[in-house]
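Okay, structure first, notes after.
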Protein chains: 2
Amino acid sequence: MEAEQKTGRRYKGVSNEQRRAERRQKLIEAAMVVYGAVGYHGASVRAICAEAGLTERYFYESFENGEALLAAAFGAVMERLTSEVMAALAPLSTLDMGLVVRVALATYYSQLRENPNEARVFLVEILGVSPRMDAIYWDAIRQVSLSVLRFSPDAAERAEALGLDLDLFADGLIGAVVQIALGWVRAGYATPIETVVETAMAILGAVNRQFLSPP
Amino acid sequence: MEAEQKTGRRYKGVSNEQRRAERRQKLIEAAMVVYGAVGYHGASVRAICAEAGLTERYFYESFENGEALLAAAFGAVMERLTSEVMAALAPLSTLDMGLVVRVALATYYSQLRENPNEARVFLVEILGVSPRMDAIYWDAIRQVSLSVLRFSPDAAERAEALGLDLDLFADGLIGAVVQIALGWVRAGYATPIETVVETAMAILGAVNRQFLSPP
DNA sequence: TGTATCTGACAACAAGTGATGTCAATATCG
DNA sequence: CGATATTGACATCACTTGTTGTCAGATACA
């Protein structure tokens, strides 16, 4: 029934797969722009295709529907953010926890400021869209949770001893960082980034000193 | 041109104004149900009217459009939450800050559990809808900020001395509490409420001890 | 009782949506 | 060159949406 042609003809010097990949990437980038302008819910497939300079046919070539594109866009932002943070953290010794967290926060907030459209996708547009998107969002939260908690191997025991829920505890810390980002974005990035980082550090540092440092 | 009749005819024993008010209330309650089921973006005016047992005409009698209803619903939830918290706090002496915060959190989380639909409206559906709704959301955040910071009159000076942004600091604390609520709701309220409160208290308490208690 | 008001069910409309299909022009390659 | 794959502009379809309008019947009031 369906002709499964593994590799198509070359066109303007580029292969079939690469052309597809480039169109897909163009659509994701266009989606960021449109989402940033009118939000996900105000973004139609037509508008995104127009922004990308492509037609609807190529949209459905790469994405099953509009929601799939949102998922891909979120994934792209998440991937870029984590890789930027990892890159910034790479040259550091992991002994100084305070510095690690500070650099991670600085990188995170800096990236959000440099890419306001992506920030909107990452912080706002993703929630409450559908159960599937919620799941993607919470997977990302859990991933960050695990990355953070990896620095404190005995956190689970400590939490249990104190009568806390470790997952919710991590959610709370992430929520603090995210809400600070939201407030910062909303205010048009008015606050200097050093102050933003310092403010987040104040909360995380207090928690750290309370629960992680030796008495 | 327009006949400005201040008060209409009575009907089934109730006045014109009261009938209007009851219909409006019914629409708000129906909106909670529909929002809870399919989200704000999946909720059509028709569906809400059907749930309320009213026709579209009465919708536009009370609300200019669907977004105005969302705003009214959010306002109703916000009002109820604050009044519940105030009522729980009323019999307390305000001297024991820890207890005040604990009771406030317990009331807040308890209310969210008892009204899952309202929780969804309050926590998820409101953000990223439109600039107007964003403004309403942030007004609510600021209102909570001010209520909290009222307990610490010298917070502004302390924050400045430490190089922090007080607004963002408050955003962070609220974000922690809210994200814990989100995680709790998402997990189907599985965690006992005492544990949830304790987990939030762990964060707020650590911050409090670090920045508010005498050294 | 008769008239004005109120109610509810539903029609109607234009606009926009996701998704699929058509088709001529263009580029590739045997 | 000639056949075929690829592209892009546009048509098309069924459907939903917000919003306004119509109208017969129920209720109130003089």
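We name chains A, B, ... by the order of the sequence lines, and we start the count at 1 in each one. Since the model is a prediction, treat every value here as computed from it, not as a measurement.
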Phosphate-side-chain proximity, B:Arg19 and C:dT7, N/O vs OP1/OP2 below 4.0 Å: yes

Touch class at under 4.0 angstrom, heavy-atom based, for B:Tyr60 against every strand present: base

Whole-Å distance separating the NZ atom of A:Lys26 from the P atom of D:dG8: 8 Å

Nucleotide of D:dT7, C:dT28, C:dC10 approaching A:Tyr58 most closely (side-chain heavy atoms): D:dT7

Touch class at under 4.0 angstrom, heavy-atom based, for B:Arg46 against every strand present: base

CG-CZ distance between A:Leu146 and A:Arg142, expressed to the nearest 0.5 angstrom: 8.0 Å

Euclidean distance, atom CG of residue A:Leu69 to atom P of C:dG18 [Å, nearest integer]: 11 Å

Pair A:Asp167 + B:Arg186, salt bridge at N-O below 4.0 Å: no

Whole-Å distance separating the CG atom of A:Leu54 from the P atom of D:dT7: 10 Å

Mutual orientation of the aromatic rings belonging to A:Tyr137 and A:Phe74 [parallel < 30°, tilted 30-60°, perpendicular > 60°]: tilted

Proximity to the side chain of A:Lys12 - top-ranked nucleotide from C:dT28, D:dT19, C:dT7: C:dT28

Closest to the B:Tyr11 side chain, choosing from C:dG8, D:dA26, D:dT20: D:dA26

Crowding at CD, A:Glu160 (>12 non-hydrogen neighbours, <6.0 Å): no

Nucleotide D:dG18, atom P - distance to CD1 of B:Ile48 in whole Å: 8 Å

Spacing of B:Glu61 atom CD relative to D:dT19 atom C1', expressed in whole Å: 15 Å

Toward the 5' end of DNA chain C, by each residue's nearest nucleotide, A:Arg57 or A:Ala43: A:Ala43

Of B:Ser44 and A:Arg23, the one whose closest DNA chain D nucleotide lies more 5': A:Arg23

Atom-to-atom span, CD of A:Gln18 to P of D:dT6 - whole angstrom: 15 Å

Ion pair check, A:Glu61 and A:Arg24, cut-off under 4.0 Å: no

Between D:dT6 (P) and A:Glu22 (CD): distance, integer Å: 15 Å

Candidates C:dA19, D:dT6, C:dT5 - which lies nearest the side chain of A:Asn65: C:dA19

Axial bend angle, the helix from C:dT1-D:dA30 to C:dG30-D:dC1: five-pair end segments, nearest 10°: 10°

Between B:Thr191 and A:Asp165, a side-chain donor and acceptor under 3.5 Å: yes

Distance in angstrom units between B:Glu64 CD and D:dT20 C1', rounded: 15 Å

Gap separating the CD1 atom of B:Ile48 from the CG atom of B:Leu69, nearest 0.5 angstrom: 5.0 Å

Touch class at under 4.0 angstrom, heavy-atom based, for A:Arg9 against every strand present: base

Salt-bridge contact B:Glu118-B:Arg80 (side-chain N to carboxylate O under 4.0 Å): yes

